[in-house]
Amino acid sequence: MDTPLQQINQTSRDCGTCNACCTALSISSIGKEAGVHCHNLCTAGCVVYDERPEPCKGFTCLWLADNNNLFDQFDHRPDRLGVMFYPSQQSSNTITAHELRPDALQNEQAKIITNFLSQFFPIDIKAHKKSAQQPPNLSDAA
């Protein structure tokens, strides 16, 4: 039986100029490390988009898949919010909140989204390596 997070690949949005996943995530099949720009990424986007590796084809962040308008504001797109939310690759039905720039999880909108999601799913926080503050305390979620 599919979990809600396994059913998110349907989307009504497109990435536009956001390419946060092309930097934040590791893709072992092409030797791409997490936090490093993909060598296939250029100013126009992915140069091998039509033939991109399976992990890239299969990846959908929650902003992209948001058909319920949780991320309804344009600024909630990962590259603008500074946090990319996506289904955890390590634990089913868990969401990863991946901080794309230092202290982005301290942003009020990021806190609201993180706290809301934590009411329904465990959240795996991946803080940016240069963050000065601790991630928000999810046990205080209202």
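Excluded from the calculations below are hydrogen atoms, water molecules and symmetry mates; all remaining heavy atoms, backbone and side chain alike, are included. What you see is a predicted model; the values in this text were computed from it and never measured.
The minimum heavy-atom distance linking Phe121 with Ile95 is given by the pair CD1-CD1, 3.4 Å. Of all non-hydrogen atoms in Pro122 and Thr94, the two that sit nearest each other are O-CG2, 3.2 Å. Closest approach of Arg101 to Arg80, counting heavy atoms only: NH2-O, 2.7 Å.
Remark: the backbone N or O of Asn115 is paired with a side-chain donor or acceptor of Ser118 at under 3.5 angstrom. Without hydrogens or angle criteria, Thr96 side chain to His98 main chain gives no donor-acceptor distance under 3.5 Å. A side-chain donor-acceptor contact under 3.5 Å links Glu99 to the backbone of Asp103.
With sequence neighbours excluded, the residues forming a side chain to side chain contact (heavy atoms under 4.5 Å, CB included) with Tyr49 are Cys46, Arg52, listed by chain and number. With sequence neighbours left out, Pro102 forms a side chain to side chain contact (heavy atoms under 4.5 Å, CB included) with His128, Lys130, Ser131. The side chain to side chain contact (heavy atoms under 4.5 Å, CB included) check on Ala20 picks up Cys18, Pro78, Met84, Leu100, with sequence neighbours excluded.
Counting heavy atoms from C-beta on, the side chains of Arg77 and Thr17 come closer than 4.5 Å. Using a 4.5 Å cut-off on side-chain heavy atoms (C-beta onward), Leu81 and Ile113 make contact.
When hydrophobic side chains of Ile, Leu, Val, Met, Phe, Trp and Tyr are connected at separations under 4.5 Å, Ile30 ends up clustered with Ile27. Applying the under-4.5 Å side-chain rule to Ile, Leu, Val, Met, Phe, Trp and Tyr, the cluster around Val36 consists of that residue alone.
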**Study point:** side chain to side chain contact (heavy atoms under 4.5 Å, CB included) between Leu62 and Leu117, intermediate numbers included
**Key:** CA-CA 11 Å; Leu62 294 186; Leu117 291 172; 4.2 Å; yes
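Residues Trp63 and Phe120 are members of one and the same hydrophobic cluster, defined by side-chain heavy-atom contacts under 4.5 angstrom among Ile, Leu, Val, Met, Phe, Trp and Tyr. Note: the hydrophobic cluster containing Ile123 does not contain Ile112 (ILVMFWY, side chain heavy atoms under 4.5 Å, direct or indirect links).
Applying the side chain to side chain donor-acceptor pair (under 3.5 Å) test to residues at least two apart or on different chains, the pairs with a partner in residues 27-45 are Thr23-His37.
The aromatic rings of Phe59 and Tyr86 stand perpendicular to each other, their planes meeting at an angle above 60°, with 30° marking the opposite boundary.
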